[in-house]
Amino acid sequence: MKNISVKIVNNSHHPLPAYSTIDSAGMDVRAYLPNGPIVLKPMERRLIPTGLHIELPQGYECQIRPRSGLALKHGLTIVNSPGTIDADYRGEIGVILMNLSQDEFVVNDGERICQMVVKEYTCVEWIQTESLSSSERGEGGFGHTGVK
């Protein structure tokens, strides 16, 4: 496991994102709703503020992922999952929550709404060519590897 230092501005009154256990990959992030709760109707999506701003080192991204408990128990997900926060973004982190259930869901101030995972990434340098090498799979697409 590699540790990095990341600058963070917390404009909310909630604790910083934190790992629940020593082996957790994601940190819980909380909703910052100083003006009161937000009601998500069935099939509705809303941008939920967090009050957090981060400065990632170059070569890192922050992924915003759904919380499995909210997904299973309440049908909540993140529309653009995983959401990506680039190293050069300095605005407030917002989470696009969507209610896929048939019931309304109330998002309260301080509610844990997502997981945040910071990852190192690699940049691609494209090499344009006229053909690609062959492989066992070839051009087999969707579901191809599961068919016998």
Side-chain angles (χ1 to χ4, degrees), residues 1-35 37-38 40 42-101 105-129 131-147:
M1 174 175 24
K2 183 177 182 179
N3 291 327
I4 63 165
S5 296
V6 176
K7 293 180 181 179
I8 187 166
V9 173
N10 184 359
N11 291 326
S12 82
H13 51 271
H14 303 300
L16 293 178
Y19 299 102
S20 295
T21 69
I22 193 163
D23 289 326
S24 294
M27 296 173 269
D28 288 334
V29 175
R30 297 174 185 275
Y32 177 50
L33 303 170
N35 298 323
I38 291 177
L40 279 176
M43 298 308 294
E44 183 180 18
R45 66 184 178 274
R46 295 279 297 272
L47 182 64
I48 309 297
T50 65
L52 302 174
H53 302 251
I54 60 176
E55 183 178 332
L56 293 166
Q58 188 174 23
Y60 286 83
E61 65 159 332
C62 177
Q63 298 176 1
I64 302 297
R65 301 177 182 180
R67 292 192 69 238
S68 57
L70 288 178
L72 177 64
K73 296 174 187 172
H74 303 287
L76 290 187
T77 192
I78 296 174
V79 178
N80 60 327
S81 179
T84 299
I85 300 166
D86 296 309
D88 57 354
Y89 178 67
R90 298 293 184 270
E92 181 179 6
I93 295 172
V95 179
I96 308 169
L97 277 186
M98 183 164 190
N99 181 359
L100 298 177
S101 78
F105 183 84
V106 178
V107 182
N108 291 297
D109 183 48
E111 181 132 16
R112 294 176 300 156
I113 57 170
C114 69
Q115 295 260 320
M116 171 188 283
V117 176
V118 176
K119 299 287 292 176
E120 195 169 11
Y121 65 87
T122 304
C123 288
V124 171
E125 180 181 321
W126 295 110
I127 301 171
Q128 193 164 346
T129 184
S131 64
L132 304 175
S133 63
S134 63
S135 71
E136 184 178 336
R137 182 175 180 170
E139 292 185 18
F142 300 97
H144 175 75
T145 58
V147 176

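Computed from a predicted model, the values in this text were never measured in an experiment.
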Item to complete: Kindly say whether the aromatic ring centers of Tyr89 and His53 come within a distance under 6.0 Å.
Response: no
Worksheet item: Sub-3.5 Å donor-acceptor pair from the side chain of Thr129 to the main-chain atoms of Ser131, do we have one?
Response: yes
Fill in: Side-chain touch Ile38/Val106, heavy atoms, less than 4.5 angstrom
no
Worksheet item: Rounded to the nearest 0.5 Å, what separation is found between the OG atom of Ser101 and the CG atom of Leu40?
Response: 9.0 Å
Worksheet item: Is there a donor-acceptor pair closer than 3.5 Å between any side-chain N or O of Asn99 and the backbone N or O of Met43?
Response: no
Fill in: Spatial distance of atom CG (Leu100) from atom CZ (Phe105) [nearest 0.5 Å]
12.5 Å
Item to complete: Go through the steps to decide whether Val107 and Ile113 satisfy the test side chain to side chain contact (heavy atoms under 4.5 Å, CB included), and finish with yes or no.
Response: CA-CA 8 Å; Val107 182; Ile113 57 170; 4.0 Å; yes
Worksheet entry | Between Asn10 and Ser12, a side-chain donor and acceptor under 3.5 Å | yes
Worksheet item: Do Arg90 and Glu55 come close enough that some side-chain heavy atom pair is under 4.5 Å?
Response: yes
Practice prompt. Using atom types as modelled and distance alone, determine if a side-chain donor or acceptor of Ser24 lies under 3.5 Å from a backbone N or O of Gly26.
Written response: no
Worksheet item: If you look at every heavy atom in Gln63 and Pro82, which pair is closest and at what distance?
Response: CB-CB, 4.1 Å
Worksheet item: Which value, rounded to the nearest 0.5 Å, describes the distance between Thr84 atom OG1 and Lys119 atom NZ?
Response: 12.0 Å
Item to complete: Please lay out, stage by stage, how Lys2 and Glu120 fare under the test side chain to side chain contact (heavy atoms under 4.5 Å, CB included).
Response: CA-CA 10 Å; Lys2 183 177 182 179; Glu120 195 169 11; 3.5 Å; yes
Worksheet item: When rounded to the nearest 0.5 angstrom, what distance separates CG in Asn11 from OH in Tyr32?
Response: 7.0 Å
Discussion item. For the residue pair Asp28 / Gln115, report whether a side-chain donor-acceptor contact shorter than 3.5 Å exists.
Written reply: yes
Practice prompt. Flag the pair Ile54 / Ile93 as yes when at least one side-chain heavy-atom distance between them is below 4.5 Å, and no otherwise.
Written response: yes
Practice prompt. Before giving the answer on side chain to side chain contact (heavy atoms under 4.5 Å, CB included), spell out for Ile48 and Thr50 the whole-Å C-alpha distance, their side-chain angles and the decisive distance to 0.1 Å.
Written response: CA-CA 7 Å; Ile48 309 297; Thr50 65; 5.9 Å; no
Worksheet item: At their closest point, which heavy atom of Pro57 faces which heavy atom of Ala87, and how far apart are they?
Response: O-CB, 3.6 Å
Discussion item. Working note: Ile8 + Leu16, criterion side chain to side chain contact (heavy atoms under 4.5 Å, CB included); need CA distance, chi angles, decisive distance, verdict.
Written reply: CA-CA 9 Å; Ile8 187 166; Leu16 293 178; 3.9 Å; yes
Discussion item. Could you go through Thr21 and Asp23, starting from their C-alpha distance and side-chain angles, then the distance that decides it, and tell me whether this counts as side-chain hydrogen bond (donor to acceptor under 3.5 Å, both in side chains)?
Written reply: CA-CA 5 Å; Thr21 69; Asp23 289 326; 6.0 Å; no
Worksheet item: Roughly how far, to the nearest 0.5 Å, is the OG atom of Ser81 from the CZ atom of Arg65?
Response: 8.0 Å
Item to complete: Find out whether Arg67 and Arg112 are in side-chain contact, i.e. whether some heavy atom of one side chain is under 4.5 Å from a heavy atom of the other.
Response: yes
Worksheet item: So do the side chains of Leu56 and Cys62 get within less than 4.5 Å of each other, counting heavy atoms only?
Response: yes
Worksheet entry | Heavy-atom donor-acceptor pair, Glu61 side chain to Val118 backbone, under 3.5 Å | no
Worksheet item: Is any side-chain heavy atom of Leu47 less than 4.5 Å from a side-chain heavy atom of Val95?
Response: no
Worksheet item: Considering only heavy atoms from C-beta outward, does the side chain of Met98 approach that of Ile78 to under 4.5 Å?
Response: no
Practice prompt. Measure the shortest side-chain to side-chain distance between Leu52 and Val9 over non-hydrogen atoms and say whether it is less than 4.5 angstrom.
Written response: no
Discussion item. I'd like to know if the side chain of Arg30 and the backbone of Gly110 have a donor-acceptor N/O pair within less than 3.5 Å.
Written reply: yes
Worksheet item: How about Asp109 and His14: does a side-chain donor come under 3.5 Å of a side-chain acceptor?
Response: yes
